[in-house]
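Below is one structure, written out as structure tokens; comments come after it.
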Amino acid sequence: MLDFLGTLERTHRCGELRASDAGKEVVIMGWVNRRRDHGNLIFLDVRDRSGIIQVVLDKELVPEGHAKGEQVRPEYVVAAVGKLRLRAKDAINPKMPTGEVELETTKLLVLNDTKLAPFSPADEAIANEEVRLKFRYVDLRRHEMQRNFRLRHDITLAIRESLSRQGFLEIETPILCKSTPEGARDFLVPSRVHAGEFYALPQSPQIFKQLLMISGFDRYFQIARCFRDEDLRADRQLEFTQVDLEMSFPRQDSVFAVVEDFLTSGFAAAGITLPKPFPRITYDESMRLYGSDKPDMRLPGLTDVRAAFADADLDSLKFDPALPVIALRIPNVGELSRKEREDNHPLFDEKKGAKFIDDFKRLAKSFPAAVDKIRELTGAQEADFVIIVAGDPAHHIQASDTKFPGRLSEREIAVFSAAGNFRVELSKKYADRHGAFKVTDEVVVAAAANSEADVKPGPLDGAQAFQPIWVTDFPMFEYDAEHKQWMPAHHPFTSPHESDMANLLTDPASVRANCYDLAMNGLELGSGSIRIHSQDVQKQIFTSLKISEEEAKARFGFFLDALEYGTPPHGGHRAGA
RNA sequence: GGGGACGUAGCUCAGUUGGUUAGAGCGCUGCCCUGUCACGGCAGAGGUCGCGGGUUCGAGCCCCGUCGUCCCCGCCA
């Protein structure tokens, strides 16, 4: 028989109770996490979103309460009334935040019973995804899930506060809308009124936010839901959330300052301190130093050691002398056996037209002078694992050899990125040995522990663990070999560098974009650009993309019209949430 | 669209070369227990080995098909 709640009111959340509350008359309500029945003495762990408190039912003192405690099972909903008391010294549980106290119960109400779910929120091992989703409401009772939701709330609140403080207005944009030509497949919603026609769900608020700038809202942001009907991955969902923003009259620096502020605020809400301002690197430098446009800077970068080799050396090693010779080193990996090295071979992508030498010892025997020089250039220690990556003349990839002053050719990029990918794969594989990722794990664990308490301890220094960096000056276009045409690397509204405009038609590969990514630890956190605000430039871009006027009109018509009605210079950013 | 792994008790999983009655831990049910906190003790229930077909004297195990789940590639401007 269930009890009625009546006029009883909760006085505290379970997890909030501390030694300083001892002596108080307390009413708590929640779910039974575990029951420990000692016959005449029963302990109930009662749980709500704040945590767990031990409720004691003594048959001698409260026979009715004890009798109810005997019927109670895990996940029953109960209310317990009584006096909070300090536990005896030898009964203190240092593993629980509430472990110094317990509730000496005078009255126990059973508010609801439960069917037996296939798993319990108190379980250590978690059930498979399918079962968890079917019983989502039970799964979400788990401490870890409650903590994640809370953390997300804290972070988005901090982001809203930061952006609002910086003069941004949060504005919602339509969900049911016209299909816009972005990269992914649209989700479609059939229209009841217009049979046979469909609404599309937005892949991002890109067009809307640019329209808002044209409308004079000046600074806009939105924590926006985006929809893309593409195949899933473990870290990719059909609907996801972005922090989306756009501002008028921006310089690139002003966008960076805004993003750095909301991001550091968000991390601070998770108890992690990021140093401001974030470092910056151009796309070309990033390719040169990390072989990637989203560098992971927790480990040493790449070193071009071409100069260490005489031309004759390169010839006998069958390295392409026109391309960089790259040393990549991963600290403290130690010496690898031949078998271990062979197991690593599949991690290297030979299709990029590059080859490698991973037997540094043998290289030292044949080319001692070169190896000395490499050690000097890379600062490699005895215990470091060093691999040489170079262009393979036998494996020429299809690429133009055009080179621009101070910029990388496609073929160079191919070698750098082959080395960069290898660096990342090997870093993951030998994470235990170099230990550079461990710092991150430790900070994450510590931050998670912080977020469990209502009052957070001091912030953690995440400077070593989380290394954000701006990557700037991306190429404007990428060559799509399959369709034999130039494609926008970002999107077609990204503005080109003013100084590169002259090459738009003659030499698309050389044009840099006012476009930037924010990378952290080898992941892309977000990206953005300064947009095109002039109809003129926009037309030139379409021309170089070989998009005809009719086609442009059909695909972006209303947006191009809008550009003709007083569009301010504007730019923005979006970041995954 | 392509590739891989998996599917055995409510949950997490083991099951050897194809061989008698398919196991463990947790959970569940009953009984005992006044200081536990992943309480403990005793007893017990619980299985269409995803499904269909085949090979075999004999299939959880081998083969074919099928369904489902997860992961990866393509895809995600």
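Being a predicted model, the structure only gives us computed values, none of them experimental. To find a chain, count down the sequence lines: A is the first, B the second, and so on, and within it residues start at 1.
Contacts of A/Glu102 with the nucleic acid, taken as non-hydrogen atoms under 4.0 Å apart, include base atoms. Using a 4.0 Å heavy-atom cutoff across all strands shown, A/Ala489 reaches sugar-phosphate atoms only and no base atom. Within the nucleic acid shown, A/Pro492 comes within 4.0 Å of at least one base atom, counting heavy atoms only. Heavy atoms of A/Asp229 sit nowhere under 4.0 angstrom from any nucleic acid atom.
Here, B/A45 and B/G52 have their C1' atoms 31 Å apart, quoted to the whole Å. B/C49 and B/A24 have their C1' atoms separated by 16 Å, with the value rounded to a whole Å. Annotation: B/C71 and B/C33 have their P atoms spaced 50 Å apart (nearest Å).
Between A/Arg36 and B/U34, a side-chain N or O to OP1/OP2 separation shorter than 4.0 Å is absent.
For B/C37, there is no paired nucleotide, since no Watson-Crick or G-U wobble pair has both relevant distances below 3.5 Å. Figure legend. B/G68 is base-paired to B/C6; pairs are counted as Watson-Crick or G-U wobble with both atom distances under 3.5 Å. Base pairing annotation: B/A24 forms a Watson-Crick or G-U wobble pair with B/U12, both donor-acceptor distances under 3.5 Å. The base-pairing partner of B/C42, taking Watson-Crick or G-U wobble contacts with both distances under 3.5 Å, is B/G30.
Evaluation of atom-type donor-acceptor distances gives a pair under 3.5 Å for the side chain of A/Arg233 against the base of B/G74.
Remark: ring of A/Phe119 does not overlap the six-membered base ring of B/C11 in a stacked fashion, as centroids less than 5.5 Å apart with planes less than 30° apart are not both met.
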